[in-house]
Amino acid sequence: MGNTVLHIDGSARFEDSVSRKLSKKITEDLKPQNVIRRDLADGVDFLDETWVEATFVKPEDRSAKQSTSLDHSDALVQEVMDADTIVIGAPLYNFSVPAVVKAWIDQISRAGRTFRYTQDGPEGLLRGKKVVVVLASGGVQIGSDTDFASPYLKFVFGFLGIHNVTILNADQADSFAAA
């Protein structure tokens, strides 16, 4: 397996973003051979009826409109599939992840691509990957009753087959990067 990091930025802020600075440092400290960058501030499509319908149709049977509706999702899924490690920098907005991070998760959570249904229930298809999330919490303690982001992220990545998930509060990122 190669050494490719998918670096996701989820903050609406740029120069003064703590999560951007720290996730960049972690990415650099991992010394990847290849970095795929995705800045969610550039926009992520929200799911709509055409998108949902298209996911239930075999690719060869999709209309042009359905195929086009999945183009953005296909690109995001490919980035995840190409990565060995996913580093996400995000703030906590209103006790959870920003809407663009949730939209990204919606786009990459694809039956038949990143998970599948079996007779025993859903099975994640992204096994063997790692996720490191740096959350700039603005005073919300990570792991507290008011942190809804950490349990959600651990659950959704586990659902997709990624069980090696590290969630760091921004003040822990330097010690992680040094390890």
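No hydrogens, no waters, no symmetry mates; every other heavy atom, side chains included, goes into these values. This structure is a prediction, so every number in the text was calculated from the model and none was measured.
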CG of L30 to OG1 of T4, rounded to nearest 0.5 Å, is 11.5 Å

OG (S23) and CD (E28) are apart, to the nearest 0.5 Å, by 9.5 Å

Between the CG atom in D45 and the CG atom in D106, the distance rounded to the nearest 0.5 Å is 11.5 Å

Item to complete: Using modelled atom types only, decide if a donor and an acceptor are shared between the side chain of T55 and the backbone of V52 within a distance under 3.5 Å.
Response: yes

### Query
Within a radius of less than 6.0 Å around CG of D145, do more than 12 heavy atoms belonging to other residues, nucleotides or ligands occur?
no

**Prompt:** Given the rule that I, L, V, M, F, W and Y join up when any side-chain heavy atoms are under 4.5 Å apart, are M81 and I88 in one cluster?
**Reply:** yes

Task: K24/D9 salt bridge by N-O under 4.0 Å criterion - done: no

| said: Could you walk me through whether V18 and R13 satisfy the side-chain contact (heavy atoms from CB on, under 4.5 Å) test, starting with their C-alpha distance in whole Å, then the side-chain angles of each, then the deciding distance to 0.1 Å, before giving a yes or no? | reply: CA-CA 9 Å; V18 171; R13 298 175 73 192; 5.9 Å; no

* To do: Examine L76 and L125 and state if one hydrophobic cluster contains both, with Ile, Leu, Val, Met, Phe, Trp and Tyr joined whenever side-chain heavy atoms are less than 4.5 Å apart.
  => no

(request) Please say whether more than 12 non-hydrogen atoms of neighbouring residues, nucleotides or ligands are located less than 6.0 Å from CG in D61. (result) yes

### Task
Taking the six-membered ring for Trp and the full ring for Phe, Tyr or His, determine whether the centres of F95 and Y93 are under 6.0 Å apart.
no

Any side-chain heavy atom of Q66 within less than 4.5 Å of one from T50? yes

One should read off an interatomic distance between N169 CG and Q141 CD, to the nearest 0.5 angstrom, of 7.5 Å

Between A170 and A136 the two heavy atoms that sit nearest each other are CB-CA, 4.1 Å

Check your understanding: Within a strict 4.5 Å, meaning less than it, do heavy atoms of the K130 and D84 side chains meet?
Key -> no

Are the side chain of K129 and the backbone N or O of A83 linked by a donor-acceptor pair below 3.5 Å? yes

**Item:** Test side-chain contact (heavy atoms from CB on, under 4.5 Å) applied to L22 and L168, step by step
**Value:** CA-CA 10 Å; L22 293 174; L168 301 169; over 6 Å; no

Value for OG1 (T114) from CD1 (I108), rounded to nearest 0.5 Å, stands at 6.5 Å

- Task: Look at the side-chain heavy atoms of Ile, Leu, Val, Met, Phe, Trp and Tyr, link any pair under 4.5 Å apart, and say whether W51 and L160 land in one connected group.
- Result: no

Open item on the list: If you define the side chain from C-beta out and look only at heavy atoms, does anything of V80 sit under 4.5 Å from W104?
Closed with: yes

Expected output: side-chain R62 to main-chain A54 donor-acceptor under 3.5 Å: yes

Of all heavy-atom pairs linking V100 and G10, the shortest is CG2-O, 3.8 Å

*Does V101 reach the side chain of I8, with side-chain heavy atoms less than 4.5 Å apart?*
no

Note to self: Could you check whether any side-chain heavy atom of K25 comes within less than 4.5 Å of a side-chain heavy atom of V134, counting everything from C-beta outward?
What the structure shows: no

I167 and K154 have their tightest heavy-atom pair at CG1-CE, 3.6 Å

Does the side-chain contact (heavy atoms from CB on, under 4.5 Å) test come out yes or no for I105 and L153, once each step is laid out?
-> CA-CA 9 Å; I105 290 168; L153 291 168; 3.8 Å; yes

Margin query: Using only atom types and a distance under 3.5 Å, with no angle test, would you say the side chain of R110 pairs donor to acceptor with the backbone of Q107?
Written below: no

Closest non-hydrogen contact found for V156 with S109 is CG2-OG, 4.4 Å

TODO: State whether the number of non-hydrogen atoms from other residues, nucleotides or ligands found under 6.0 Å of F14 atom CZ is greater than 12.
DONE: yes

Exercise. Is the CD atom of E60 crowded by more than 12 outside heavy atoms at less than 6.0 Å?
Worked result: yes

Closest non-hydrogen atoms of G158 and H163, given as atom of the first, atom of the second and distance, are O-CE1, 3.3 Å

One should read off an interatomic distance between I162 CD1 and R127 CZ, to the nearest 0.5 angstrom, of 11.0 Å

When every non-hydrogen atom of K102 is compared with those of V97, the smallest separation belongs to N-CG2, 4.2 Å

Verify same cluster id: V133, F148 (apolar side-chain graph, 4.5 Å)
yes

| said: If you define the side chain from C-beta out and look only at heavy atoms, does anything of L6 sit under 4.5 Å from D82? | reply: no

Practice task
Please check if the side chain of R20 supplies one atom and the backbone of S11 the other of a donor-acceptor pair under 3.5 Å.
Solution key: yes

In one Ile/Leu/Val/Met/Phe/Trp/Tyr side-chain cluster, 4.5 Å: Y152, I142 = yes

